[in-house]
2 protein chains.
Amino acid sequence: MVASETQRKILDEAERLFSERHYATVTLREITAAAGVNIASVNYHFGSKNILLREVFRRRALDLNRERLTLLDRAEREAAPEPPELEAVLFALAAPPIRWSQEAGGPRARFMRFLRLCRVDATEEIKTLISREIGHLQRFLVPLERILPGSSRADLCWSLHHSLGVIHEATAELDRLARLSDGACHTDDGEEIIDRVVRFCAAGFRAANHGQGACTNA
Amino acid sequence: MVASETQRKILDEAERLFSERHYATVTLREITAAAGVNIASVNYHFGSKNILLREVFRRRALDLNRERLTLLDRAEREAAPEPPELEAVLFALAAPPIRWSQEAGGPRARFMRFLRLCRVDATEEIKTLISREIGHLQRFLVPLERILPGSSRADLCWSLHHSLGVIHEATAELDRLARLSDGACHTDDGEEIIDRVVRFCAAGFRAANHGQGACTNA
DNA sequence: GTCTATAGAGAGATAGAC
DNA sequence: GTCTATCTCTCTATAGAC
């Protein structure tokens with residue numbers, strides 16, 4: 001897909017600019033100037049601004065879900081034939097996006113900011129790509145049903161939905177958290193954040209079990 | 001602030017359009033055409049597109065925080081001199097935004113969509129307004145410290161942050177949840193959603209207490 | 001207050017030389 | 001593949017008649 005150096009430079013700078021501002025406010029002139037290439041090269045290499053946008057999305061989006069599924073597979077394999085720990089499943093869900101977001105100044109942290117914008121306001125082409133993530137989320141329901149056999153499918157789906165909210169918030173608005181806590185919260189320790197997220201969500205999952213709030217903490 | 005009928009119509013249509021698409025992609029021509037007013041009237045009544053955007057935000061943003069604080073005050077008053085229940089505090093945080101989002105087709109549901117977009121990509125003027133919400137969140141820390149005296153301030157702030165993530169996600173992406181669960185989740189029953197959110201977050205708060213995962217369920 | 005008309009800027013896309 | 005030059009379009013904002 002990315003054949004030439006020019007294409008790669010355009011993708012990099014577009015990703016950077018799209019992560020800082022909404023794509024409608026980023027001009028091809030800015031992108032090509034930052035990449036040090038001619039303005040006509042976007043249309044030559046990609047065809048249009050919209051296609052460039054889609055390629056920026058595609059370049060990394062699949063990797064993220066793949067990392068999640070790799071961690072999930074490993075957790076299941078290591079625990080087999082027993083189901084994995086709830087915490088291990090939630091770790092597989094939470095660790096990749098939080099780690100990417102913590103790579104301060106790096107391309108994957110920028111991509112996570114871009115992804116957040118896409119989730120709120122994406123083009124039709126990107127919406128189609130986003131909608132495919134249902135598949136990989138359903139994959140997470142399989143071990144969850146084994147771990148919490150008393151929970152209804154609705155309970156599990158809601159808890160998964162809540163957990164995604166916690167994860168998304170852990171990749172955003174950390175400056176607000178820092179100010180809210182007067183610096184008491186370490187917002188730059190990715191592994192601590194993952195740990196807090198997993199613990200919070202695991203408790204929520206267990207409390208949602210049948211609406212009984214059954215306590216399974218050791 | 002809203003003196004004339006024209007101003008109100010412009011604000012209503014701008015709110016509607018800004019909730020559907022990013023403000024950079026919404027033109028004054030669209031807004032004025034939808035409102036049935038002349039294109040020049042935006043600049044006459046508001047001065048510029050940016051000021052119109054700010055006014056759309058201001059019109060309802062303060063109300064939302066006010067509703068939260070009203071519920072919190074009531075919970076504290078009814079429980080006094082004891083601290084309120086954790087669930088009552090979380091209810092005060094969660095109920096207003098979720099109820100607004102559930103007013104399908106109504107202006108406040110549209111505003112909630114607009115707010116989500118602003119949280120990701122706002123103008124400088126709106127960022128200033130958003131940053132003031134720290135104050136009302138700190139107000140929630142007061143009862144939380146009484147309810148969970150063993151928790152550090154960092155624990156409480158993180159749990160509050162996680163809870164805001166759960167709440168935000170409960171006002172968005174409900175179509176994804178419906179598809180994920182094959183319709184098993186009722187995404188249109190606001191009070192049930194609030195109940196699920198409160199239960200999930202309360203369990204998370206208690207598990208984050210000292211990192212001990214102490215179980216306080218009856 | 002409301003309208004028409006337009007100024008003035010800047011966008012995405014493309015033709016065609018090299 | 002890369003460049004310049006430019007076409008065509010649409011935007012916000014404003015001037016000025018009514």
Side-chain angles (χ1 to χ4, degrees), chain A residues 1-59 114 117-118 121-129, chain B residues 1-59 114 117-118 121-127:
Chain A
M1 190 84 252
V2 182
S4 73
E5 180 71 3
T6 299
Q7 282 179 55
R8 199 193 50 72
K9 282 193 289 188
I10 290 172
L11 280 170
D12 286 346
E13 292 303 320
E15 181 178 65
R16 186 178 62 78
L17 286 161
F18 290 157
S19 78
E20 291 169 1
R21 309 198 315 269
H22 190 270
Y23 55 83
T25 68
V26 176
T27 67
L28 294 184
R29 285 170 164 78
E30 282 180 280
I31 295 169
T32 51
V37 302
N38 189 270
I39 185 172
S41 53
V42 167
N43 277 281
Y44 177 79
H45 286 288
F46 295 94
S48 74
K49 185 184 181 182
N50 260 328
I51 297 175
L52 168 61
L53 180 65
R54 189 189 64 199
E55 292 307 314
V56 168
F57 183 90
R58 287 222 309 210
R59 184 163 64 146
F114 169 62
L117 236 162
C118 287
D121 184 49
T123 61
E124 284 307 315
E125 284 165 322
I126 289 184
K127 275 183 190 153
T128 307
L129 295 175
Chain B
M1 189 85 252
V2 181
S4 72
E5 180 70 2
T6 299
Q7 281 180 56
R8 199 193 50 72
K9 281 191 290 189
I10 291 172
L11 280 171
D12 286 346
E13 293 303 321
E15 181 177 65
R16 185 177 63 77
L17 287 160
F18 289 157
S19 78
E20 291 169 2
R21 307 196 318 267
H22 191 271
Y23 56 84
T25 68
V26 176
T27 67
L28 294 183
R29 284 170 164 77
E30 284 180 280
I31 296 169
T32 50
V37 302
N38 189 271
I39 184 174
S41 53
V42 167
N43 277 281
Y44 177 79
H45 286 288
F46 295 93
S48 75
K49 185 185 181 182
N50 260 327
I51 297 176
L52 169 62
L53 180 65
R54 190 189 64 199
E55 292 306 315
V56 168
F57 183 89
R58 288 223 310 210
R59 184 162 65 146
F114 169 62
L117 237 161
C118 287
D121 184 48
T123 61
E124 284 306 315
E125 285 165 317
I126 288 184
K127 275 182 190 153

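Sequence lines set the chain letters: A, B, ... in the order given, protein chains first and strands last, and positions in each chain run from 1. Bear in mind the structure is a predicted one, so any value in this text is a computation, not a measurement. For the numbers below, each heavy atom of this structure counts, side chains included, while hydrogens, waters and symmetry mates do not.
A:Arg29 is linked by a side chain to side chain contact (heavy atoms under 4.5 Å, CB included) to A:Thr27, A:Ile39, counting only residues two or more places apart in sequence or in another chain. By the side chain to side chain contact (heavy atoms under 4.5 Å, CB included) test, B:Ala33 pairs with no residue at all, sequence neighbours left out. For A:Thr32, there are no side chain to side chain donor-acceptor pair (under 3.5 Å) partners two or more places apart in sequence or in a different chain. Evaluation of the side chain to side chain contact (heavy atoms under 4.5 Å, CB included) rule for A:Lys9 yields A:Glu5, A:Ala35, A:Val37 as partners, not counting sequence neighbours. B:Leu117 pairs by the side chain to side chain contact (heavy atoms under 4.5 Å, CB included) definition with A:Val120, A:Asp121, B:His22, not counting sequence neighbours.
Interface residues of residues 33-41 of chain A facing DNA chain C, ordered by number: A:Ala40; criterion, heavy-atom separation under 4.0 Å. A heavy atom lying under 4.0 Å from DNA chain D marks the following residues of residues 45-54 of chain B, by number: B:Ser48, B:Lys49. Across residues 18-29 of chain A, A:Val26, A:Thr27, A:Leu28, A:Arg29 each have a non-hydrogen atom less than 4.0 Å from an atom of DNA chain C (numbered order).
To the nearest angstrom, P of C:dT4 lies 16 Å from CG of B:Asn43. Remark: P of C:dA11 and CG of A:Leu17 are 13 Å apart, rounded to the nearest angstrom. The OH atom of B:Tyr44 sits 5 Å away from the C1' atom of C:dG1 (whole-angstrom rounding).
A salt bridge is defined here as a Lys NZ or Arg NE, NH1 or NH2 lying under 4.0 Å from an Asp or Glu carboxylate O, and A:Arg16 with A:Asp12 fails to meet this definition.
Note on B:Thr6: a side-chain N or O is less than 4.0 Å away from OP1 or OP2 of C:dT2.
Pairs engaging residues 33-42 of chain B under the salt bridge (Lys or Arg N to Asp or Glu O under 4.0 Å) rule: none recorded [sequence neighbours left out]. Applying the salt bridge (Lys or Arg N to Asp or Glu O under 4.0 Å) test to residues at least two apart or on different chains, none of the pairs has a partner in residues 33-50 of chain A. For the ring-ring contact (aromatic ring centres under 6.0 Å, His included) condition, no pair includes a residue of residues 38-58 of chain B, sequence neighbours left out. Among residue pairs with one or both ends in residues 37-46 of chain A, none qualify as salt bridge (Lys or Arg N to Asp or Glu O under 4.0 Å); sequence neighbours excluded.
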